Each structure stands twice: as structure tokens, then as C-alpha cells.
Amino acid sequence: MNANRIHNFNAGPAALPLAVLEEIRDSFLNFAGSGMSITEISHRSKWFDGAINDAVDRTKRLLKLSDKFHVLFLQGGASTQFCMIPMNFLHGDHSADYVNTGTWSTKALKEAQLLGKQVKIVASSEDKDFSYIPKDIKFSNDATYIHITSNNTIKGTQWASFPDTQGVPLIADMSSDIMSQPLNVEKFGLIYAGAQKNIGPAGVCMVIIRDDMLKLAPDTVPSMLKYTTFVSKNSMYNTPPCFAIYTLQLVMKWLEDTIGGLENMEKINREKAQLLYGVIDSSDFYRGTAELESRSMMNVTFRLPNEELEEAFIQEALDNDLGGLKGHRSVGGCRASIYNATTLEAVGALTDFMKEFERKKG
Ligand SMILES: *Cc1c(COP(=O)(O)O)cnc(C)c1O
């Protein structure tokens, strides 16, 4: 490991590949031969054009997107998508189906309700504290779209496969698992992801939108909140978050050229998750909080026998250069986020520490 760097299990903003950080460092004062920093150049320059176009192209190749899809880089985080989606797609007497699998899903559907839109909560896992992904969901047959959260960052659950929506566009908040494995994008009308979990720094949200969805937006949607605005201007209607997009471009390059694509990324991610869940499952000291078939490959949530031990665990881990293991403030407990950039070596260091901690305190 690099001097002074710790193993980072933060939920977001989260670890970035070391090679990406080093490339940023090395080119920070002179971006692409411009003689200026990426933070100083015009977004209308050929240098920035090179970066944003490469980010789009690599995203399209990694996800095998057909020409029907547009890749956008927006601001306002994933949270702004919660209102943009209903503003663009839901009007008149149309309604949308929402599946409620935790905090982020709840926020998404509340924004639609705030706007006075018609929302049907077709399934929820709130009855068991959001510890599972609902199955055999009956969707409405007249929904304009169906909204899900593919990975629930706080509760540590993830959809193992996506539901058959009978042609109704599926919309997914993939903030915490986009690019973690191959994805069949065809049934999705829109995918969005705040970059700061798995694909970049804070400040940019990736949106992948299917062409037919663009027709749904009425003229009254404000320009900055309308998808067509950004599709027609290659995400540069106004000044985009240049540095965040450039970093995202480097992460896409790392995924393609160093990792070798999403099939390889999935293999590594599965190995990491198996190693960590393996330690949890073989112990009576650690207890996973998500139901087995709904477990997340990205956010591993677990408890210890009591809160004092949890506090000691998190502190001692940090003393051993293992950071970011505290559960979300709304749920407590422990959480190890093992996104793409968290190495197998880091997870190995964590599981060694967990076994040693159990031996001492269990
Ligand atoms: C972090 C997160 C969000 C919020 O993202 P912001 O970019 O901070 O708005 C939304 N959804 C999910 C699933 C998340 O993990």
C-alpha cells in the first residue's frame, strides 16, 4: 500500500483507484498539453471536449449501449434526479410505480408526491426494516415508468435480478452499484448514479437515458431540469463540473484498460464480497443485517453483539488503517463498502482484522 494511505471502506464519497489519483496528480498542472490545469481550462476547449467525449464513449462501450441511449453528466447529485424524473415523465393523469426498498427509494417517491404527481407504491420491504428486496411484484398495467433503487447503500441490499416490467420503462437509481457488473440496459428508460460511490468524485451524476423517454417532457419544465436540454448540448448547456467529469473519465479508462471490462470487475467484486460474507457467516460474533438472497455485493452491513463492541471495533479498525466502517447514522452498526476501487487486498486486511478482533473479544 502507498505510504500514508489507509484502506478506505467509506460509503460515499468513497475510494478511487490509486492509479486514477496518481494520474490526476501527475497531470494536474498541465492538462493534456494545454499548459493549464483541468480546473483552469474552458469547458468549450478542445482539451475538455476530449475528456468528456472519451468519458461518454467509454461508458457506452463498457455498458454496451446501443445508439438509442444518451449518456449525460448532470449536477445536483442523485437527489436532483428524484424530482427531475417525475417533472419530465409524469403529467396529466399518468402515474408511476415505485418500489420502496429503503431511505433513497423513500426520498425518490416523496419528491414525486411533493410535486403532486400520482405515485403507486407497488411493493415495500419496510415491514422487515428494509432487510430484503421484494419478490413477485405486481406492477400496474398503466404505469408511465417503474422506479427502483438497484442497491440500497444504507441497508446493504441489492436486486439480484431485475423484474420483468412488460415493456414499461424501468428507471433505476444505481448510485451505489453502477459499473460493478455487466448490465443489460435494454429494458431501462433511465439509469442515474451519483458518481461519488463507484465511478468518480462528488459533483457529477451520470444519467443514461433512452431516446423515447425524451418525448415525454412538456415544454414547461425549466431548462436546467429538462433532459433534452443536456442531450442537445452534450451535457454543456451551462458550465459542467469539469474536474469531476475528467476524474470519471479516468475511472472509465481504468475499468476498460486496466480491469478489462465489467465481466472482470464483477469477478473481483464477487470474490471480495464472498470473502467478507464468509467471515460473517462462519461466526456467531458478527451478524449480517440483510437477508441472504438480497445481500449487496457493494455495501456489507453487519452488527456485533452490542454497541460498545461495535464502537471498539470501528476505533480499533481505524488504528489498523481500516477506515469508514461505521454504519449509516440512521441505522448504526457497521458497514464495509467494497466498491470497485476497494481492492481484494484491502478486504483481506479487513477480514484478518475481524478474525483477530473476534478471537480477542468474542
Ligand atoms: C448516495 C446515494 C444517493 C444520494 O446521492 P447524492 O449524489 O448525494 O444526491 C441516492 N441514492 C443512492 C442509492 C445513494 O447511495
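Just so you know, these numbers come straight off a predicted model, no measurement behind them. Along the sequence shown, residues carry numbers from 1. Ligands are counted one by one from 1 in listed order, and the atoms in each one are counted from 1 as well.
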field: Nearest-0.5 Å distance that lies between atom CE in M179 and atom CG in N198
entry: 9.0 Å
task: Determine, stepwise, if the pair N88 / L216 fulfils side chain to side chain contact (heavy atoms under 4.5 Å, CB included).
output: CA-CA 6 Å; N88 280 263; L216 297 173; over 6 Å; no
message: Ignoring hydrogens and geometry beyond distance, is a side-chain donor-acceptor pair present between N10 and Y339 at under 3.5 Å?
response: no
Identify all pairs of nitrogen or oxygen atoms, one from ligand 1 and one from the protein, separated by less than 3.5 Å, and list them with distances.
{"unit_1": "ligand 1", "atom_1": "7 (O)", "unit_2": "A78", "atom_2": "N", "d": "3.0"}
{"unit_1": "ligand 1", "atom_1": "7 (O)", "unit_2": "Q196", "atom_2": "NE2", "d": "2.9"}
{"unit_1": "ligand 1", "atom_1": "8 (O)", "unit_2": "Q196", "atom_2": "NE2", "d": "3.4"}
{"unit_1": "ligand 1", "atom_1": "9 (O)", "unit_2": "A78", "atom_2": "N", "d": "3.2"}
{"unit_1": "ligand 1", "atom_1": "9 (O)", "unit_2": "S79", "atom_2": "N", "d": "2.9"}
{"unit_1": "ligand 1", "atom_1": "9 (O)", "unit_2": "S79", "atom_2": "OG", "d": "2.6"}
{"unit_1": "ligand 1", "atom_1": "11 (N)", "unit_2": "D173", "atom_2": "OD2", "d": "2.6"}
{"unit_1": "ligand 1", "atom_1": "15 (O)", "unit_2": "T153", "atom_2": "OG1", "d": "2.5"}
{"unit_1": "ligand 1", "atom_1": "15 (O)", "unit_2": "K197", "atom_2": "NZ", "d": "2.6"}

task: Mark yes or no for whether W159, through its side chain, and T149, through its backbone, hold a donor-acceptor pair below 3.5 Å.
output: yes
query: Out of T301, D129, T289, which one pairs with K155 under the side chain to side chain donor-acceptor pair (under 3.5 Å) rule?
result: D129
- prompt: Taking the side chain as C-beta and beyond, is there a heavy-atom pair between F73 and L248 under 4.5 Å?
  reply: yes
